Number of protein chains: 2
Amino acid sequence: MSSNVKRLNEYWTDIYFHMHYPHKEKISHQVIRILQLVEKKEEVGVNEVATYLQISHNTASEHVKRMVEKNLLFKERDLLDERRVLLHLTQPGKEVLHRNTSLDEEKLEQVMNQLADKERAVVEQAFKLLSEQAKTCL
Amino acid sequence: MSSNVKRLNEYWTDIYFHMHYPHKEKISHQVIRILQLVEKKEEVGVNEVATYLQISHNTASEHVKRMVEKNLLFKERDLLDERRVLLHLTQPGKEVLHRNTSLDEEKLEQVMNQLADKERAVVEQAFKLLSEQAKTCL
DNA sequence: ATAATTATATCGTAACATACGATATAATAA
DNA sequence: TTATTATATCGTATGTTACGATATAATTAT
């Protein structure tokens, strides 16, 4: 059973290796992780960043500051609690995140077009299923 | 049609966001990319690293040196051309790579177990299909 | 054989990145 | 009014990333 899981992971990493975008930007891993967090979660502030990356709040604050300077994020004050900051992706932030975590759309489209209709449907269904179930993880 | 691809990418990033391992190590993006390259490609030397990351050969050489010092990689001389170095992952290198690019096996197993037999089969088949097709990409 | 090419490695240097403790500020809660 | 919470900033230290210049050793071309 767990060999199933290992096999799935091998497929997973193969897919990413062969279909990711070319590595252009010199970007740090922490920055990518912060972009992912901000994209996928509602109401992310500096503290959530610190907890998620297991770093101190001041370091998290500096990451955010640099990322704002680079126009990857922008800040909004929480109207209900003005101590809090709410982070959002800018358009360049979305693009950087996309190029560093998604599959290359051209390649993906090409690969999908090589599949038969039934196979394409299987892929779609599988990804949908798995992403829905994934959200139930703690 | 391209909205299909965008949807697939949203599933893809959702799956990774919810099922990746917790972020423990402070590791750079370049280091992960090098680990990926060495794992997935045969016969990787310093020059392949430089080309893949679009950096100069001396920088690539220093990456490799540091990664060897940290016991993530080891070097072997190419017997057919002794100028060349062949890079390989050490066990710690494999583990670091796994924790930073694969899905958390516990979470994945848990999620897979929540699915019906047919659904599980669909996921398996889809990943297999896609990874096979992905290898035909340039 | 000698010269040119190729694959790596090293040195010097520079610019950032990363992280944390200590401290500060301002908003909210007790 | 005091405590707590959420950020922010300063000082400091270490690590990372990168490149040009230069060096070495193996292979290939002449």
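Chain A is the first sequence line, chain B the second, and so forth, proteins listed ahead of strands; every chain is numbered from 1. Because the structure is a prediction, the values reported are computed rather than measured.
- In this entry the distance linking CD of A/Glu62 with C1' of D/dA13 reads 13 Å, nearest Å.
- Heavy atoms only, all atoms of each residue included: B/Tyr16 and B/Thr101 are closest at CE1-O, 3.7 Å.
- Within 4.0 Å of A/Asn47, counting heavy atoms only, lie sugar-phosphate atoms of the nucleic acid but no base atom.
- When heavy atoms are screened at a 4.0 angstrom cut-off, A/Gln30 is found touching the sugar-phosphate backbone but no base atom.
- Of all nucleotides in DNA chain C having an atom under 4.0 Å from a heavy atom of chain A, the first and last in 5' to 3' order are C/dA17 to C/dT28.
- At whole-Å resolution of the value, CD in B/Glu69 and C1' in D/dT16 are 13 Å apart.
- Cluster membership for A/Leu115 and A/Ile15, using ILVMFWY side-chain heavy atoms within less than 4.5 angstrom, is shared.
- Taking a 4.5 Å side-chain heavy-atom cut-off between Ile, Leu, Val, Met, Phe, Trp and Tyr, the cluster of A/Val31 extends to A/Ile27, A/Ile32, A/Ile34, A/Leu35, A/Leu37, A/Val38, A/Val44, A/Val46, A/Val49, A/Tyr52, A/Leu53, A/Ile55, A/Val64, A/Met67, A/Val68, A/Leu72, A/Leu73, A/Val85, A/Leu87, A/Leu89, A/Val96, A/Leu97, B/Phe17.
- Placement of A/Phe127 and B/Val5 within a single hydrophobic cluster is found when ILVMFWY residues are connected by side-chain heavy-atom separations under 4.5 Å, directly or transitively.
- Nucleic acid contact class of B/His63 (heavy atoms, under 4.0 Å, all strands): sugar-phosphate only.
- Summary of the strand contacts: A/Arg66 and B/Val44 both lie near DNA chain C, and taking for each the nucleotide with the nearest heavy atom, the more 5' one is attributed to B/Val44.
- Residues A/His23 and B/Gln54 bring no donor and acceptor atom of their side chains to less than 3.5 Å of each other.
- Using modelled atom types, one finds no donor on one side chain facing an acceptor on the other under 3.5 Å when comparing A/Arg33 with A/Gln36.
- Straight-line distance from the CE atom of B/Met67 to the C1' atom of D/dT16: 13 Å, rounded to whole Å.
- In this structure, A/Glu25 atom CD and D/dT17 atom C1' are separated by 15 Å, rounded to whole Å.
- Counting heavy-atom neighbours within 6.0 Å of B/Glu10 CD, excluding the residue itself, gives a total of 12 or less.
- Comparing B/Arg83 and A/Asp81, the nucleotide of DNA chain C nearest to each residue sits closer to the 5' end for B/Arg83.
- Within 4.0 Å of B/Thr59, counting heavy atoms only, lies at least one base atom of the nucleic acid.
- Using a 4.0 Å heavy-atom distance criterion, A/Asn58 is classed as a base contact.
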